Each structure stands twice: as C-alpha cells, then as structure tokens.
Amino acid sequence: MPEGHTLRRLAGALTEVFVGRRVQVSSPQGRFAADAEVVDGSVLVDADSAGKHLFLEFEHDHLVHVHLGLIGRFDITTGAVEVPPPIGQVRLRLAWVGDDKASYADLRGAILCDLVGPSKRDEVLARLGPDPLRGDADPGRAWARISRSARPIGDLLMDQAVIAGVGNVYRAEVLFRHRIHPLRAGRTLRRGQFQAMWDDLVVLMGEGVRTGRIETVRPEHLPEAMGRAPRTDRGGGEVYVYRRTGQPCLVCGSHVRADVLVGRNLFWCSQCQRTFRSRAVE
DNA sequence: AGCCTATGCGAAC
DNA sequence: TTCGCCTAGGCTG
C-alpha cells in the first residue's frame with residue numbers, strides 16, 4: 001500500500017476527520033505511550049504528507065512524525081457507535097467521540113512514529129526531492145540530479161532525495177509506460193523523456209490519491225479491450241509489469257522480466273524497454 | 001492453520 | 001550488510 005499516494009490520501013482523510021478537533025491520543029501497544037500522553041487531548045491543527053512521510057501537527061508545535069515503511073497501516077474508521085478495544089499491536093490511536101458517533105484511527109506496524117518539533121519536519125522536507133503530488137514541486141531539482149548521474153534511472157526514481165513519493169510500483173510502471181530500460185544511466189536520458197515521466201507521475205499518482213489504487217494500464221490495454229480476464233489478485237489495479245514476472249507483456253507478448261536492483265525487486269519488459277542508447281542515436 | 005511475500009527504511013551489526 | 005517492524009493478503013495443505 002504505502003507509496004506517496006497512500007500517505008497523501010491518508011493526510012486528507014485524517015484532516016477531514018480530526019483536524020480542528022480535540023483528539024484523544026493513546027498507544028495501546030505502549031511503545032508510543034509516553035509521547036502520546038504529551039499530545040493527548042490537544043487540538044490537531046494539520047495533517048499533511050511529504051513523499052512517504054506523514055506529519056500530524058498538534059497545537060503548541062507538537063508534531064507526530066509517521067512513516068509506514070513496508071508493512072505499516074493506518075486505518076481510519078468513522079461513524080462508529082463507540083471506540084472499540086484495540087485489535088493487534090496498535091502503536092498509535094487517535095480518537096474523537098461526538099454526540100452520536102465516534103471516529104478513530106489505528107496505526108500498526110509503522111517503521112516510524114515519533115513526537116518531534118517543527119525543526120524535524122523542516123529537516124525531513126529539506127532532504128526530500130520534489131513530490132509529484134505537491135503543486136509547488138520543482139521537477140527541475142530532480143532533473144538536475146538525474147541528468148548528472150551515472151546511476152541507473154530505476155535506482156534514481158526510488159531515491160527519495162531525487163523524487164519523493166515514488167515506490168516500487170510507480171517506478172516499474174512509469175518506466176514501462178515510457179519504454180525506458182531501468183538500468184539505463186540517468187545522465188543518458190533526454191530532458192523530454194524525464195519531463196514526460198514526471199508529468200505522467202503527476203497524473204498517475206494523483207489518480208492513486210483519488211482511487212486508493214495504483215492503476216497504470218492505458219484503456220487500449222485493459223482486459224476488456226484485449227479480451228483477457230481482469231486481474232483479481234494483488235488487491236491493486238491493473239499494471240503492466242509490477243509482479244508480473246514471466247507473464248506475457250500486455251503490449252508485445254514477450255515475458256516480463258525480473259531482477260533485484262539495490263535490494264528491491266525490479267520488473268520490466270526487455271522488448272518494450274530497450275532504449276539504452278537513444279542519446280547516441282539521436 | 002501455517003507459510004510466504006511485500007508498494008520501505010531506520011537501526012544494529 | 002542484515003535485521004526488525006510484527007501487518008495483511010494470497011497461496012498451500
């Protein structure tokens with residue numbers, strides 16, 4: 001679940017439910033108990049995301065810095081009759097009880113849940129690259145890094161200091177959609193290729209925020225258009241290459257390939273994504 | 001019921 | 001470089 005769109009969506013939902021309200025903050029699991037006590041009963045001023053980071057800002061400059069990591073979840077329930085006993089290891093619980101309904105949000109399995117001050121948020125924001133989900137993002141900062149780097153573009157896209165919020169699914173899919181080989185050095189890309197990928201990420205991730213799913217397949221390649229069975233696994237949307245190792249490419253039919261790059265699974269179509277030397281060719 | 005894997009990254013070794 | 005997080009979905013049996 002957690003790429004940038006998940007955190008952005010979460011920030012929006014938490015804003016809707018809790019911002020402007022005096023919130024009960026607890027840590028049923030206990031690991032955040034001392035810090036939860038500091039902000040318990042204070043007003044949530046803002047909930048916002050940057051890349052894959054989430055900041056809950058309470059009054060008096062108390063911020064809760066959350067990062068879901070790989071297995072973290074932050075589940076929000078609204079319109080409950082009452083706030084139920086926690087299930088599993090709930091590191092952080094936000095709760096608000098109105099006259100006739102209760103809302104609560106449970107954080108589990110997060111890699112990070114810290115009580116911090118504004119300077120910590122500044123520090124995190126400073127080390128993140130531009131986030132395609134933020135209207136004020138400057139893609140030129142990402143291009144400055146990519147255009148000078150010998151590292152593979154597949155590695156650079158996952159580097160949060162280059163572009164914030166892109167994870168393994170969006171990486172694989174945006175490279176496929178632009179027919180760029182993941183191992184191609186960043187500095188061999190043309191500016192237009194980068195800009196097209198960036199613009200695409202803005203759209204794809206924006207859709208991810210709205211739908212809560214990663215859908216990257218163009219209409220002409222959807223199951224209905226091609227007469228294949230829709231995917232029911234993965235719990236996600238239709239994708240071209242992510243976790244489709246060995247299956248036929250939706251465009252050319254050759255087998256989707258997989259390898260490990262910088263410790264992460266990498267998926268691509270070696271037929272569609274062959275553009276290793278376009279700079280030499282142009 | 002049990003096993004495996006994962007859209008990530010900070011900390012420990 | 002490896003481990004922890006300790007979740008949840010999918011698959012195996």
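In what follows, chains carry the letters A, B, and so on, assigned in the order in which the sequence lines appear, proteins first and then strands, with residues in each chain numbered from 1. What you see is a predicted model, and the numbers here were worked out from it, not measured in a lab.
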Note to self: Suppose you measure atom C1' in B:dG10 against the same atom in C:dA8; what distance do you get, rounded to whole Å?
What the structure shows: 22 Å
Next item on the list: Could you please name the option among C:dA8, C:dC6, B:dG8 that lies closest to any side-chain atom of A:R73?
Entry: C:dA8
Check: Should A:R213 and A:E207 count as an ion pair when the cut-off is N to O under 4.0 Å?
Finding: no
Notebook entry, point to check: Given B:dT7, is OP1 or OP2 found less than 4.0 Å from the side-chain N or O atoms of A:R213?
Noted result: no
Notebook entry, point to check: Can the positive tip of A:R93 be found less than 6.0 Å from the middle of the six-membered ring of A:Y104, inside 45° of the ring normal?
Noted result: yes
Notebook entry, point to check: Starting at the 5' end of DNA chain B and moving along, which residue's nearest nucleotide shows up first, A:L112 or A:F267?
Noted result: A:F267
Note to self: Can a donor-acceptor pair be found, under 3.5 Å and without considering hydrogens, that links the side chain of A:S27 to the backbone of A:R91?
What the structure shows: yes
Next item on the list: Report the relative orientation of the aromatic rings in A:H53 and A:F55; use parallel for angles under 30°, tilted for 30 to 60°, perpendicular for over 60°.
Entry: parallel
Checklist line | Side chain of A:Q89 (C-beta onward), nearest among B:dC9, B:dT7, C:dT7 | finding: C:dT7
Next item on the list: Could you point out which residue of A:Y170, A:Y240, A:F267 forms a ring-ring contact (aromatic ring centres under 6.0 Å, His included) with A:F176?
Entry: A:Y240
Check: To the nearest Å, how far apart are A:D159 CG and B:dG8 P?
Finding: 13 Å
Next item on the list: For A:R108 and C:dT7, give me the distance from atom CZ to atom C1', rounded to whole Å.
Entry: 8 Å
Margin query: Strictly below 4.0 Å, N to O, side chains only: are A:D155 and A:R264 in salt-bridge contact?
Written below: no
Margin query: Whole angstroms only, please: what is the CD1-P distance between A:I111 and B:dT7?
Written below: 14 Å
Next item on the list: Would you mind reading off the distance between A:L70 atom CG and B:dG10 atom P, rounded to a whole angstrom?
Entry: 13 Å
Check: Which is true for A:E173 with a 4.0 Å heavy-atom rule: it touches a base, it touches only sugar-phosphate, or it touches nothing?
Finding: nothing
Notebook entry, point to check: Hey, which of these two, A:A110 or A:D75, hits DNA chain C nearer its 5' end, going by closest nucleotide?
Noted result: A:A110
Next item on the list: Take the protein atom CG of A:N168 and the nucleotide atom C1' of B:dT5, then report the distance between them rounded to whole Å.
Entry: 13 Å
Checklist line | Rounded distance in Å between the P positions of C:dC3 and B:dC4 | finding: 16 Å
Next item on the list: Would you classify A:R127 as touching base, sugar-phosphate or nothing, given that sugar-phosphate means primed atoms plus P, OP1 and OP2, and contacts are heavy atoms under 4.0 Å?
Entry: sugar-phosphate
Margin query: Tell me whether the side-chain N/O atoms of A:Y170 come closer than 4.0 Å to OP1 or OP2 in B:dT7.
Written below: no
Margin query: Counting the atoms with a prime plus P, OP1 and OP2 as sugar-phosphate, which does A:G167 contact under 4.0 Å by heavy atoms, base, sugar-phosphate, or nothing?
Written below: sugar-phosphate
Next item on the list: Take the protein atom CG of A:L107 and the nucleotide atom P of C:dA8, then report the distance between them rounded to whole Å.
Entry: 11 Å
Item checked: Under 4.0 angstrom between A:R264 side-chain N/O and B:dT5 OP1 or OP2 -> no
Checklist line | N/O (side chain, A:N265) to phosphate O (OP1/OP2, B:dT7) under 4.0 Å | finding: yes
Notebook entry, point to check: How close or far is atom C1' of B:dG8 from atom CG of A:L54, stated in whole angstroms?
Noted result: 15 Å
Check: B:dC9 phosphate, OP1 or OP2: any side-chain N/O from A:K52 under 4.0 angstrom?
Finding: yes
Checklist line | Short side-chain N/O contact from A:R31 to OP1 or OP2 of C:dC6, under 4.0 Å | finding: yes
Notebook entry, point to check: Between atom CG in A:L157 and atom P in B:dG8, what is the gap in whole Å?
Noted result: 12 Å
